[in-house]
Amino acid sequence: MKDFDEKALTKELKIDAKAVGIPIGAAEVFIEKTVKAVKKSLKTKNTITNNDLKRLVAKELKKYNTDLAYVYKNRDKII
Amino acid sequence: MLIVVCMKLVPGVFALFFHYASGKYSKRKTDDLSVFFILGAETMVALAFFLINTLINILPPNLLTLGNNILTWIIIGILISLSLSTFLFYFRKGSGTELFISRKIAQCLNLKAKSVKNRSDAFILGLVSGIPEFIFTIPLYILSTITLIQSSFSPISCSCIIIFCALIIVSPLFITQIFYRTDHNLADIAKLRTKNKTFFRFFISFLYLALAALIITFRILIP
């Protein structure tokens, strides 16, 4: 079990966003919004599994960029 | 060779590696690293050929001739079992294109692809990423090497053929690189892989069976 790491998630999403081809400025704005929304959802829960957290982040990301959400959700299922 | 070209592990690791590298580094550094990944993959293919060639040369010459009926039937048996294995468990069940390799190895490769920092990391990743798939490819390398040994080509020609084969085998990596360079991303690649998953499962299975049928025809029925 480990604590939710906001910085690590933001860093990871920024790398994915740059790789997907999203301009840095736009990516920073919606990544911040996504992380805020995820943090808000987590306040109501004591624990959450990695898969559920991933689904939650992907659901939030999908509002802004479908490709980034798809990459975040499925990159562990490629190999 | 077509069967090895259709294998999905090395292109998958390369797609992940390219994704992470382009997210972290400049376009120039990503291209530079990807060249070393491809060189690593090529080296592993060439190494596999040369190691098998060396092993075959150590064994008694009459043991590994395709004219030997028992050996021919063993090879046919292996090819048929590989065909069945590809059909049944090359791809795991589920939405993505998860392969037969253990999840720990997949996670390790994913982690390594993410943490590539320099040329040597990229080269080593390219070198090792094909190893878990050897269970499906080694019989093909053995078959190709035996065919090369039995042919009348000179050692220099054999080496050139092996280098040429290595280039063909890593061609999916060049295609992936071109795909990335034409404004596509990992999401497009993952979607394409998922879309063609069933086709490749049938196609690789069929190729193994076709190879077995060819060997039966040309080594047993018409020797």
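Labels below follow one simple rule: chain letters A, B, ... track the order of the sequence lines, proteins then strands, and each chain is numbered from 1. Atoms considered below: every heavy atom in the structure, side chains included; atoms not considered: hydrogens, waters and symmetry mates.
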(request) Specify which of B/Q107, B/R103, B/K8 makes the most heavy-atom pairs with chain A at under 4.5 Å. (result) B/R103
(message) Is it the case that atom NZ in A/K18 sees more than 12 heavy atoms from other parts of the structure closer than 6.0 Å?
(response) yes
(message) Within the supplied structure, the quantity of interest is the number of heavy atoms (other residues, nucleotides, ligands) at a distance under 6.0 Å from A/K54 NZ; does it exceed 12?
(response) yes
(message) Would you say that more than 12 heavy atoms from the other residues, nucleotides or ligands in this model lie under 6.0 Å from the CD1 of B/I135, or not?
(response) no
(request) Determine the option with the most heavy-atom pairs under 4.5 angstrom with chain A, choosing from B/G96, B/S22, B/A21. (result) B/S22
(request) Looking only at non-hydrogen atoms, find the nearest pair between A/I79 and B/N110 and report the distance. (result) CD1-N, 4.4 Å
(message) Using side-chain contact (heavy atoms from CB on, under 4.5 Å), reason through B/S95 and A/K77 one step at a time and then give a plain yes or no.
(response) CA-CA 8 Å; B/S95 57; A/K77 293 178 186 169; 3.5 Å; yes
(message) Does B/K112 have more than 12 heavy atoms from other residues, nucleotides or ligands lying within 6.0 Å of its NZ?
(response) no
(request) Assess whether atom CZ of B/F206 is packed by more than 12 heavy atoms of other residues, nucleotides or ligands within 6.0 Å. (result) no
(request) Examine whether an atom of B/L186 lies under 4.5 Å from a heavy atom of chain A, and if so say whether it belongs to the side chain, the backbone or both; otherwise answer neither. (result) both
(request) Can you measure from CG (B/N185) to CG (A/L68) and round to the nearest 0.5 angstrom? (result) 9.0 Å
(message) Applying the side-chain contact (heavy atoms from CB on, under 4.5 Å) criterion to B/H19, which one of A/V71, A/I15, A/I78 satisfies it?
(response) A/V71
(request) Could you pull out the closest heavy-atom pair between B/A190 and A/Y70, with the gap in Å? (result) CB-CE2, 3.7 Å
(message) If you count heavy atoms of other groups shown closer than 6.0 angstrom to CZ of B/R28, is the number above 12?
(response) no
(request) Evaluate the side-chain proximity of A/R75 to B/Y20: yes if any heavy-atom separation is below 4.5 Å, no if none is. (result) yes
(message) Is B/R92 in contact with chain A via its backbone, its side chain, both, or neither, using a 4.5 Å heavy-atom distance?
(response) neither
(request) Decide yes or no for B/K114 and A/E12: does some side-chain heavy atom of the first lie under 4.5 Å from some side-chain heavy atom of the second? (result) yes
(request) Quick one: which of A/G21, A/A69, A/A19, A/A17 has the most heavy-atom pairs under 4.5 Å with chain B, could you say? (result) A/A19
(request) Evaluate whether atom CZ of B/F164 has more than 12 neighbouring non-hydrogen atoms of other residues, nucleotides or ligands under 6.0 angstrom away. (result) no
(request) For each of B/I101, B/D183, B/L99, tally heavy-atom pairs with chain A at distances under 4.5 Å, and name the one with the top tally. (result) B/L99
(request) In sequence, state the C-alpha distance, the side-chain angles, and the governing distance for A/D67 and B/K191, and then conclude on salt bridge (Lys or Arg N to Asp or Glu O under 4.0 Å). (result) CA-CA 10 Å; A/D67 274 357; B/K191 281 174 194 166; 3.6 Å; yes
(request) Answer yes or no: does atom NZ of A/K73 have more than 12 heavy-atom neighbours from other residues, nucleotides or ligands under 6.0 Å? (result) no
